[in-house]
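Values below: all heavy atoms of this structure, side chains included; hydrogens, waters and symmetry mates excluded.
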Amino acid sequence: RSYRKDYWLDQPEWVEVWSEKGTVRGTLAPVLHKFGVTFRVMHGYGSATAINAVAEETRRSEQPMTILYVGDHDPSGLHMALEDLPKRLFRYGANATIHRLAVTADDGRDLPSFDAASKVNDARYKWYMERFGPRCWELDALPPPVLRDRVAEAINGLLDVDAWNHAVVVEDAEIESMAQFMRQYRASISGQGGNCSASGGLKGGVR
């Protein structure tokens, strides 16, 4: 029941979802499970060790990595996704690209906002004000169904569907093969137990 084939092995690229907030892990869980996608939380600015480890993973893989990023539309949230992470991944030699899915400026038209002045002590405050203006939006304000659908649609758009469906068929066949083996094994053990009982039990005083 717990067996799952890695469908991504035969895909043209390798996909992960990153966020500055672990709070959306539960929201995205159905999508992450459906597609077998890794979710990484980048609390604050990810450490050099963590980013370098990702870069090493991508260098060992034959597939490029696509990172689907979700985060706040505020000074640190945007700077992290648009400036810091792309530059450090490039500097460490990662074969990866970042696509920011949320929160976008278009989302902000329908979401409650807060004054960017509340982030005046953020080192990225001036950078943000010059590019995006005085309003900010939090990722948590985006309705969960909207966020899930957006991430699912982005993943679907990156799939080789024929390869994915083939992997599903292979997985079903492998699971049935394992189930058949277990049925035969249990039948074999049951038969041995019956023979032992009929002959008076096992030697050695086993109770």
Side-chain angles (χ1 to χ4, degrees), residues 2-104 119 121-125 127-128 131 136-140 142 144 147-160 163-164 167-168 170-171 174:
S2 62
Y3 175 74
R4 175 159 187 168
K5 189 176 181 64
D6 187 353
Y7 298 175
W8 291 99
L9 291 176
D10 297 320
Q11 290 296 308
E13 51 194 301
W14 158 30
V15 176
E16 292 193 355
V17 176
W18 290 14
S19 178
E20 64 184 293
K21 291 187 166 182
T23 54
V24 297
R25 186 192 301 271
T27 296
L28 294 174
V31 176
L32 301 174
H33 177 73
K34 175 181 177 180
F35 293 103
V37 169
T38 295
F39 180 79
R40 295 186 195 247
V41 180
M42 294 294 171
H43 288 301
Y45 279 70
S47 70
T49 301
I51 303 303
N52 191 50
V54 171
E56 288 183 2
E57 285 185 65
T58 68
R59 291 197 297 270
R60 290 195 298 267
S61 174
E62 296 180 356
Q63 302 157 295
M65 175 194 276
T66 294
I67 299 162
L68 303 177
Y69 185 92
V70 297
D72 292 340
H73 196 292
D74 66 7
S76 286
L78 275 182
H79 187 270
M80 190 187 310
L82 301 180
E83 299 282 344
D84 178 71
L85 287 173
K87 288 179 179 178
R88 286 202 286 161
L89 287 167
F90 177 79
R91 186 164 66 248
Y92 297 148
N95 185 13
T97 55
I98 295 181
H99 296 285
R100 192 173 183 281
L101 299 181
V103 173
T104 68
K119 301 285 186 176
N121 293 324
D122 190 318
R124 279 68 55 177
Y125 173 74
W127 173 90
Y128 182 90
R131 291 162 176 78
C136 297
W137 297 268
E138 291 191 337
L139 176 63
D140 305 88
L142 196 65
L147 182 60
R148 279 194 296 269
D149 289 349
R150 188 171 301 175
V151 172
E153 182 179 355
I155 295 173
N156 266 316
L158 296 168
L159 293 181
D160 178 331
W164 188 270
V168 172
V170 172
E171 179 185 72
E174 290 173 343

Short side-chain to backbone donor-acceptor contact, Arg59 and Tyr92, under 3.5 Å: yes

Inset, instruction - Give a yes or no answer on whether the side chain of Gln63 reaches the backbone of Gln11 with a donor-acceptor pair at less than 3.5 Å. - result: yes

Counting only heavy atoms not in Glu153 (residues, nucleotides, ligands), do more than 12 fall under 6.0 Å from its CD? no

**Prompt:** Between the side chains of Tyr7 and Glu171, does any donor sit under 3.5 Å from an acceptor?
**Reply:** yes

Interatomic distance, OH@Tyr125 vs OG@Ser76, rounded to 0.5 Å, equals 13.5 Å

Is there side-chain contact between Val15 and Met65, with heavy atoms separated by less than 4.5 Å?
no

Heavy-atom nearest pair, Glu13 first then Trp8, reads O-CE3, 3.4 Å

Closest non-hydrogen contact found for Met80 with Pro86 is O-CD, 3.9 Å

Start with the C-alpha gap between Val41 and Glu20, add the side-chain angles, then the distance that decides, and say whether side-chain contact (heavy atoms from CB on, under 4.5 Å) holds. CA-CA 6 Å; Val41 180; Glu20 64 184 293; over 6 Å; no

Check the pair Val17, Leu28 against side-chain contact (heavy atoms from CB on, under 4.5 Å), reporting the backbone distance first and the verdict last.
CA-CA 9 Å; Val17 176; Leu28 294 174; 4.0 Å; yes

| Whether Tyr128 and His73 hold their rings parallel, tilted or perpendicular, with breakpoints at 30° and 60° | perpendicular

Legend entry - Evaluation steps, side-chain contact (heavy atoms from CB on, under 4.5 Å), between Arg150 and Thr104: CA-CA 12 Å; Arg150 188 171 301 175; Thr104 68; 4.2 Å; yes

Leu101 and Ala154 have their tightest heavy-atom pair at CD1-CB, 3.8 Å

Heavy atoms of Leu139 and Ala102 approach each other most closely as CD1-CB, 4.1 Å

Quiz prompt | Full working for side-chain contact (heavy atoms from CB on, under 4.5 Å) between Val103 and Asp72 | solution = CA-CA 6 Å; Val103 173; Asp72 292 340; 5.7 Å; no

Item to check | Salt-bridge contact Lys119-Glu138 (side-chain N to carboxylate O under 4.0 Å) | outcome: no

*Ser61 and Asn95: side chain donor to acceptor below 3.5 Å*: no

task = Find out whether Phe35 and Trp164 are in side-chain contact, i.e. whether some heavy atom of one side chain is under 4.5 Å from a heavy atom of the other.
result = yes

Separation between NE2 (His79) and CG (Asp84), nearest 0.5 Å, reads 6.5 Å

